[in-house]
Amino acid sequence: MDRNDPIIIVGGGLGGLTTALALAHRGRPVRVLEGAPEFGAIGFGIQFGPNVFHALDRIGVSAAVLEKADAPPAVLMIDALNGREVTRVATGAPEFRARFKYPYIIIHRIDLHNALLDACRRDPLITLVGDAMVARFDESGDGITVKTEDGRSFQGAFLIGADGVRSRMRAQMLADGDPVPNGFMAFRTIVPMSEVTADVQRDLVALWGGPGFHIVHYPLRHGTLFNIVAVFRRSAHSERGDVAAYRAELEQAYRNAHPTMKALLAMLDLRRRQAVGDRDPIRHWHKGRVVLLGDAAHPTLQSLAQGACMAIEDGCCLADCIAESNGDYEAAFRRFESARSVRTARVTLESRYIWEVYHADGIAREVYWQMLGERSEADTFQCLAWLYDGFRLPDKVAPNAVPLRG
Ligand SMILES: Cc1cc2nc3c(=O)[nH]c(=O)nc-3n(C[C@H](O)[C@H](O)[C@H](O)COP(=O)(O)OP(=O)(O)OC[C@H]3O[C@@H](n4cnc5c(N)ncnc54)[C@H](O)[C@@H]3O)c2cc1C
């Protein structure tokens with residue numbers, strides 16, 4: 001592997017940009033190919049556990065992210081039928097910060113993306129190429145060539161597929177089909193805080209869990225915006241509904257919900273909805289000169305709010321593995337997989353379990369509520385420690401590896 005050949009990253013999302021920064025910090029030139037005309041995010045909110053800051057510190061963007069973020073006093077789970085609190089994580093308590101070192105944050109995706117993009121644009125080792133939808137890759141003995149849909153070719157030492165949940169790089173490498181839908185749909189909306197009429201707590205993250213549906217809401221941009229995600233089990237009848245059909249379907253799914261939830265539903269933008277799904281975890285995300293990360297490798301349900309955190313941790317870990325591999329990229333990819341596969345699989349599998357808890361019905365619901373209600377703060381912190389304590393990035397740097405810059 002020639003150290004001067006650029007590494008090609010397909011996908012300029014959160015995982016791709018983090019990987020670019022982490023590799024550039026290790027002295028490696030990278031070229032990021034993004035399919036959308038502009039590098040940017042879909043404009044909704046995102047939550048980050050404290051674990052993500054171990055990685056963001058590493059690429060030097062924590063301060064820029066914190067400036068735009070808010071730290072909610074708590075993450076609440078509320079019974080969506082009667083409005084009672086089921087459990088809470090006191091994310092704003094001094095004990096939380098003392099235990100996990102970093103805050104729990106909520107941030108507008110656009111602000112987060114811009115923090116990463118600004119850092120990428122300042123780095124001479126990173127080339128960003130927009131409007132470059134990659135159609136396929138071809139390996140030769142000493143490198144990789146990718147072809148875009150509009151016929152351009154780019155060459156590099158190897159390829160990192162960070163092209164998200166419907167990854168074409170994964171399809172070419174593994175041919176294992178699409179992610180598996182779990183039967184739920186999600187609507188996402190942001191409204192100005194001044195337009196929120198529902199009787200809700202506005203300064204924290206609230207998750208209302210009900211049989212077959214849930215809503216998450218939280219403020220953004222220092223309380224000026226309000227982010228809502230509404231999820232429900234799809235009925236078999238309106239596969240391709242218009243707004244009126246979606247409204248009818250939502251009203252049916254939420255018919256027994258607390259009045260506050262119905263007030264939240266009235267605020268939703270129903271023009272676009274998204275199917276929810278994930279994949280069974282696998283151990284290997286590489287073949288030859290191609291390796292996958294983030295949602296391309298291990299898409300998860302959003303119940304732990306950790307998909308993007310995992311993509312960001314992946315990026316830093318992969319860059320370290322490459323920097324320490326002494327040119328043996330296959331060894332780097334194997335080390336990356338073994339460092340990351342169990343942690344990301346645990347996120348996927350625990351997210352499925354929590355999804356079941358949120359949406360449980362009947363006696364199962366009462367059992368889960370009782371279990372959650374019995375937890376002390378110390379128990380909750382202990383349950384989250386494997387995740388929020390962060391991922392220990394390899395700290396042993398081989399003698400001939402390029403040192404971190406700056
Ligand atoms: C409703 C919802 C709520 C969520 N909330 C949270 C949360 O609170 N916290 C959290 O950590 N995670 C959350 N997630 C998960 C998170 O959004 C994803 O895990 C994360 O965006 C994955 O990052 P990625 O870089 O792997 O992929 P993406 O962010 O999807 O980026 C992929 C990029 O690749 C580009 N691309 C795709 N194909 C090609 C191609 N062929 N050629 C070139 N470019 C291509 C795309 O345009 C895109 O820019 C949520 C997800 C959903 C659906």
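Just so you know, ligand 1 is whichever comes first in the structure, and atom 1 is the first atom listed for that ligand. Please read all numbers here as calculations on a predicted model, not as lab measurements. Along the sequence shown, the residues carry numbers beginning at 1. Values below: every heavy atom of this structure, side chains too, minus hydrogens, waters and symmetry copies.
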For atom 30 (O) of ligand 1, which protein heavy atom lies nearest, and how many Å away is it? Gly164 CA, 3.8 Å

As an exercise, identify every atom of ligand 1 less than 4.0 angstrom from a heavy atom of Gly294. 26 (O)

Could you establish whether Cys309 and ligand 1 come within less than 4.0 Å of each other, counting only heavy atoms on the residue side? yes

Give a yes or no on whether the ring-centroid distance for Trp285 and Phe333 is below 6.0 angstrom. no

Ligand 1-proximal atoms of Ala305, by part, heavy-atom distance under 4.0 Å: both

Quick one: are the ring centres of His359 and Phe213 less than 6.0 Å apart? no

Should you measure from each heavy atom of Gly35, which atoms of ligand 1 turn up under 4.0 Å away? 43 (C), 44 (N), 45 (C)

Sub-3.5 Å donor-acceptor pair from the side chain of Ser341 to the main-chain atoms of Glu337, do we have one? yes

For atom 23 (O) of ligand 1, which protein heavy atom lies nearest, and how many Å away is it? Ala311 CB, 3.9 Å

Cation-pi check, Arg340 to Phe391: give yes when NZ or CZ is under 6.0 Å from the six-membered ring centre and within 45° of the ring axis, no otherwise. yes

Using the ring centroid of each side chain, check whether His54 and Tyr102 are separated by less than 6.0 Å. yes

Out of curiosity, is Ser167 lining ligand 1, as in a heavy atom under 4.0 Å away? no

Measure from atom 29 (O) of ligand 1 to every heavy atom in Leu14, Leu17, Thr19 and give the option owning the shortest one. Leu14

Just to confirm my output: which protein heavy-atom neighbour is closest to atom 31 (O) of ligand 1, and how far is it? Gly13 CA, 3.5 Å

So which protein heavy atom does atom 1 (C) of ligand 1 come closest to, and at what separation? Gln302 NE2, 3.4 Å

Return the closest protein heavy atom for atom 12 (N) of ligand 1 as residue, atom name and distance. Ala308 N, 3.1 Å

Could you identify the single nearest non-hydrogen protein atom to atom 49 (O) of ligand 1 and state the distance to 0.1 Å? Glu34 OE1, 2.7 Å

If we only consider heavy atoms of Arg109, is any one of them less than 4.0 Å away from an atom in ligand 1? yes

Ionic contact status for Arg343 with Glu313, cut-off 4.0 Å: yes

Looking at ligand 1, is there an atom of it that comes within less than 4.0 Å of some heavy atom belonging to Val165? no

CG/Leu128 to CG/Leu117 distance, rounded to the nearest 0.5 angstrom? 6.5 Å

Which of these, Asn51, Asp295, Leu304, sits in a side chain to side chain contact (heavy atoms under 4.5 Å, CB included) with Met310? Asn51

Does Asp199 CG have over 12 foreign heavy atoms under 6.0 Å away? no

Answer yes or no: is there an ion pair linking Glu377 with Arg99, defined by an N-O contact shorter than 4.0 Å? no

What part of Arg188, side chain from CB on, backbone N/CA/C/O, both or neither, has a heavy atom under 4.0 Å from ligand 1? side chain

Just to be sure I read this right, does ligand 1 sit under 4.0 Å from the backbone of Met133, its side chain, both, or neither, counting only heavy atoms? both

Numbered atoms of ligand 1 (with element) below 4.0 Å of Asp295, judged on heavy atoms: 18 (C), 19 (O), 20 (C), 22 (C), 26 (O)

Is it true that Asp178 and Arg279 make a salt bridge, defined as a side-chain N closer than 4.0 Å to a carboxylate O? no

N or O contact, Arg168 vs ligand 1, cut-off under 3.5 Å: no

Could you list which atoms of ligand 1 come closer than 4.0 Å to a heavy atom of Val10? 40 (C), 42 (N), 43 (C)

N/O of Ala36 under 3.5 Å from N/O of ligand 1, yes or no? no

Is the number of heavy atoms from other residues, nucleotides or ligands under 6.0 Å of Lys287 NZ greater than 12? no

For atom 37 (C) of ligand 1, state which one of Val205, Asp163, Val134, Ile107 supplies the nearest heavy atom. Asp163

Would you mind reporting whether Asp389 and Phe100 have side-chain heavy atoms less than 4.5 Å apart? yes

Going by an N to O cut-off under 4.0 Å, is there a salt bridge joining Arg109 and Asp111? no

Nearest heavy atom to atom 32 (C) of ligand 1 wins, so pick from Ala296, Gly11, Ala162, Ala186. Ala162

Within the 4.0 Å heavy-atom shell around Gly15, which atoms of ligand 1 are there? 25 (O)

Among protein heavy atoms, which lies nearest atom 8 (O) of ligand 1, and at what distance? Gln47 N, 2.8 Å

Contact region, Leu33 to ligand 1, non-hydrogen atoms below 4.0 Å, reads backbone

Side chain or backbone of Ala132 under 4.0 Å from ligand 1, or both, or neither, by non-hydrogen atoms? backbone

Atoms in ligand 1 with a heavy atom of Ile46 nearer than 4.0 Å: 6 (C), 7 (C), 8 (O), 9 (N), 10 (C), 12 (N)

With distance as the sole criterion, is a donor-acceptor pair present between the side chains of Ser325 and Asp328 under 3.5 Å? no

Taking only Lys NZ, Arg NE, NH1 and NH2, and the carboxylate oxygens of Asp or Glu, determine whether Glu249 and Arg234 approach each other closer than 4.0 Å. no

For ligand 1, note which part of Gln274 has a heavy atom under 4.0 Å away: side chain, backbone, both or neither. side chain

